[in-house]
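Report on the following structure.
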Amino acid sequence: MYSLANTSKPAFYSSSDVADALLVLGHPAAGYVPDLHLWSPEYKAGNTRLFGPAYTVQMVPVTDTAAPKPDQHFVDAIPEGSVVCISQPANMVNAVWGGLMTARAQVKGALGVIVDGRIRDLNEQREAGFPVFARATSIMGAGPFTRASALNVPITMQPNPNHPAVTIHAGDYIVADADGVVVIPKDLLAQVEAQCKKSTEVDDKCMAALIAGESIATTFKKYRG
């Protein structure tokens, strides 16, 4: 379980490989969480790839006084070697993750953060080299608007009109890179890894054939059947 930012050796298989594998295995929505993008260390570029178990955080509006409150700050509770996954209420304009949180998360041993919402302090995130994925940015902090409510509970990410919502459970595996974010149910990890190995070996043969001058049609017929 690790993250690599702009290095030559990738962590696990790519998000695209994993999504393809989940489709083959018949998993709904291929585990894809649409509209989340890599913002740090670079914007949708480089070799950054996260792979690790999810630590989930459910946010609520501060006006929700009925929702429970954690015993400690959610960043202080980050398990070492985890990917922080935050669900922010839809249509909020504030950030729920910033530079100070990154500083503490790195000390705690977090691999990176996935925010179904907004972040801020981009320069601080990038200077720290911390992998951050989110929907958008903001200049406003969380305090007056949102708060953490529950930790390590199932969180449902915001749906796309053409794609169903994906739920992340604590301990599910996250793969995230410049192409996007995908969730592997923890009980499917071994099957996904085996399918990725099989499919990437086929893709490697296809790439070699195409570079050698074969057509797409011939190559796909030969190796993909």
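In what follows, every heavy atom counts, from backbone to side chain, and hydrogens, waters and symmetry copies are set aside.
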Exercise for the section: Output yes when K197 and E201 qualify as a salt bridge under the 4.0 Å nitrogen-oxygen rule, no when they do not. Expected result: yes
Exercise for the section: Decide side chain to side chain contact (heavy atoms under 4.5 Å, CB included) for N160 and D35; before the verdict, give the C-alpha distance in whole Å, the side-chain angles of both, and the deciding distance to 0.1 Å. Expected result: CA-CA 8 Å; N160 177 287; D35 308 318; 3.1 Å; yes
Practice task
Using only heavy-atom distances, determine whether the side chains of D203 and T200 contain a donor-acceptor pair under 3.5 Å.
Solution key: no
Problem - Short side-chain donor-acceptor distance under 3.5 Å, T137 and W39 - result: no
Practice task
Verify the distance criterion only: is there a donor paired with an acceptor across the side chains of S15 and D179 at less than 3.5 Å?
Solution key: no
Problem - Contacts of S16 that satisfy side chain to side chain donor-acceptor pair (under 3.5 Å) - sequence neighbours left out - result: none
Problem - K108/D76 ion pair, N-O < 4.0 Å - result: no
Exercise for the section: Applying side chain to side chain contact (heavy atoms under 4.5 Å, CB included), run through M101 and H73 and close with a yes or a no. Expected result: CA-CA 10 Å; M101 293 179 178; H73 194 285; 4.2 Å; yes
Practice task
Using the test side chain to side chain contact (heavy atoms under 4.5 Å, CB included), find all partners of A165 that sit at least two apart in sequence or belong to another chain.
Solution key: T156, P159
Exercise for the section: Compare all side-chain heavy atoms of F12 with those of I184 and state whether any distance is below 4.5 angstrom. Expected result: yes
Completion exercise
Here the pair of heavy atoms bringing Y173 nearest to P53 is CD2-N, 4.0 Å
Exercise for the section: Would you confirm whether the ring centroid of H163 sits within less than 6.0 angstrom of the ring centroid of Y32? Expected result: yes
Exercise for the section: Could you point out which residue of T146, D116, V57, V113 forms a side chain to side chain contact (heavy atoms under 4.5 Å, CB included) with V96? Expected result: T146
Practice task
Decide yes or no on side chain to side chain contact (heavy atoms under 4.5 Å, CB included) for E124 and T102, but give the supporting numbers first.
Solution key: CA-CA 8 Å; E124 292 180 21; T102 281; over 6 Å; no
Problem - Residues in side chain to side chain contact (heavy atoms under 4.5 Å, CB included) contact with K69, at least two apart in sequence or another chain - result: R147
